[in-house]
Amino acid sequence: MQTRHSTHPAQLPGFDTDGLRQHYLVDDFFVPGEIRTVYTHEDRIVLGGATPKPGEPLRLESASPLRSQYFLERRELAVVAIRGTGTITVDGTRHELGTRDCLYVGQGSQDVEFHATDEDTRFYLFSTPSHASYPTSVARYDEVDVMNAGDQSTANRREIRKFVHADGIRSSQLVLGVTSLAPGSVWNTMPPHTHDRRTECYLYFDLPEDHRVIHLCGEPQNTRNIVVRNEEAVISPSWSVHSGAGTHSYTFVWAMGGENQAYDDMDQVAVTELR
Ligand SMILES: O=C(O)C(=O)C[C@H](O)C(=O)CO
Ligand SMILES: [Zn+2]
């Protein structure tokens with residue numbers, strides 16, 4: 001488990017390209033046969049990738065930054081199958097996940113194992129501290145409500161699906177969903193926002209290998225950008241905008257941890273205020 005420390009908003013504009021990437025970009029966490037995780041001190045979120053090979057399940061183990069006997073002793077977890085399909089067993093109960101489905105695993109679950117059905121199955125993991133146990137449950141991509149946003153004329157037509165939130169799968173603090181851009185649309189979250197009470201991470205996927213997303217970060221009046229490839233994530237501290245334009249349409253998992261779970265508790269930023 002890699003550790004990332006928190007940064008002050010005044011530091012971000014001073015980072016060069018490598019500095020921005022070291023602090024905020026999470027790459028290469030999908031490695032066949034491995035579970036790779038990153039612990040960020042921003043709201044103590046753990047994000048990661050589990051890439052089991054068919055017939056060789058992977059078990060989620062605790063790690064020294066957690067100082068716990070098992071991973072979910074004081075945490076909750078959401079898992080999204082971003083490629084392929086598979087099964088996750090939680091304390092012996094099997095949960096089948098189709099592509100883009102989400103499994104929420106409640107605090108106190110001791111034994112979590114990832115099984116791949118396909119050669120290229122990839123599970124994205126997002127975990128926050130939790131001091132209450134909520135039931136483990138699955139949300140199906142095709143069954144949750146769809147929020148339509150944006151317009152083709154501004155190249156930001158997209159579908160927002162909320163999986164773990166106040167009116168969906170209940171959790172202690174974790175909030176998570178998936179947003180999918182319509183063909184020909186490239187902008188997410190524009191106009192952008194911050195939310196002072198939550199850290200958010202975006203994991204971009206379904207982006208062709210020869211395309212990139214230019215992800216905007218930093219305080220609204222002092223932005224920088226990070227060039228992101230398929231299946232890479234960006235950590236956005238509470239003071240940072242998190243928005244991006246792709247050279248192609250794409251899908252992303254957005255996930256948050258922090259003070260509240262109110263999706264609309266956002267500080268909106270007008271396009272004209274950005275610098
Ligand atoms: O495309 C969007 O707009 C989003 O998906 C926004 C995220 O849901 C978000 O940033 C929630 O805070
Ligand atoms: Zn947000």
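As the structure lists them, so they are numbered: ligands from 1, and atoms in each ligand from 1. Values below: every heavy atom of this structure, side chains too, minus hydrogens, waters and symmetry copies. Bear in mind the structure is a predicted one, so any value in this text is a computation, not a measurement.
Arg198 contributes a side-chain N or O that, together with a main-chain N or O of Ala262, makes up a donor-acceptor pair within less than 3.5 Å. For the pair Asp91 (side chain) and Gln110 (backbone), a donor-acceptor distance under 3.5 Å is present.
Angle OE1(Glu200) to the Zn ion (ligand 2) to NE2(His195), rounded to 10°: 80°.
Counting heavy atoms under 4.0 Å from ligand 1, residue Thr189 touches it through both backbone and side chain. With a 4.0 Å cut-off on non-hydrogen atoms, Tyr202 touches ligand 1 through its side chain and not its backbone. Of all the heavy atoms of Arg198, none lies under 4.0 Å from any atom of ligand 1, so neither backbone nor side chain is involved.
Atom 8 (O) of ligand 1 has Tyr263 OH, 2.7 Å as its closest protein atom, hydrogens excluded (heavy atom only). Summary of contacts: the protein heavy atom closest to atom 3 (O) of ligand 1 is Arg158 NH2, 2.7 Å.
Within the listing of ligand 1, atoms 10 (O) sit less than 4.0 angstrom from a heavy atom of His242. Each of the atoms 7 (C), 9 (C), 10 (O), 11 (C), 12 (O) of ligand 1 lies under 4.0 Å from some heavy atom of Glu200. The ligand atoms of ligand 1 that sit less than 4.0 angstrom from a heavy atom of Phe252 are 1 (O), 4 (C), 5 (O). Near Met266, with a cut-off below 4.0 Å to any heavy atom, the atoms of ligand 1 are 11 (C), 12 (O). Ligand-side atoms of ligand 1 in range of Thr179: 1 (O), 4 (C), 5 (O), range being under 4.0 angstrom from any heavy atom. Numbered from 1 in the order shown, with element, the atoms of ligand 1 that lie under 4.0 Å from a heavy atom of His195 read 12 (O).
Between Arg122 and Glu231 a salt bridge is recorded (basic side-chain N to carboxylate O distance below 4.0 Å). One finds a salt bridge joining Glu96 and Arg94 here, because a Lys/Arg side-chain nitrogen approaches an Asp/Glu carboxylate oxygen to under 4.0 Å.
Of all the N, O or S atoms in His242, the one closest to the Zn ion (ligand 2) is NE2.
Ligand 1 lies out of reach of Lys162, whose nearest heavy atom is not under 4.0 Å from it. Ligand 1 lies within reach of Met256, whose nearest heavy atom is under 4.0 Å from it.
Between Tyr204 and His215, the gap from one ring centroid to the other is short of 6.0 Å.
A side chain to side chain contact (heavy atoms under 4.5 Å, CB included) with Val80 is found for one member of Leu203, Leu103, Leu176, Leu97 and no other, namely Leu176.
Ring pair Tyr202/His242 is perpendicular by interplanar angle, where above 60° counts as perpendicular and below 30° as parallel. Note on ring orientation: taking the six-membered ring where Trp is involved, the planes of Phe163 and Tyr141 are perpendicular (angle over 60°, cut-offs 30° and 60°).
With contacts defined as side-chain heavy-atom distances shorter than 4.5 Å, the pair Ile82/Val253 qualifies.
Checking only distances, Asn188 never comes within under 3.5 Å of ligand 1, N or O to N or O.
Of all heavy-atom pairs spanning Thr7 and His23, the tightest one is CG2-CD2, 3.6 Å.
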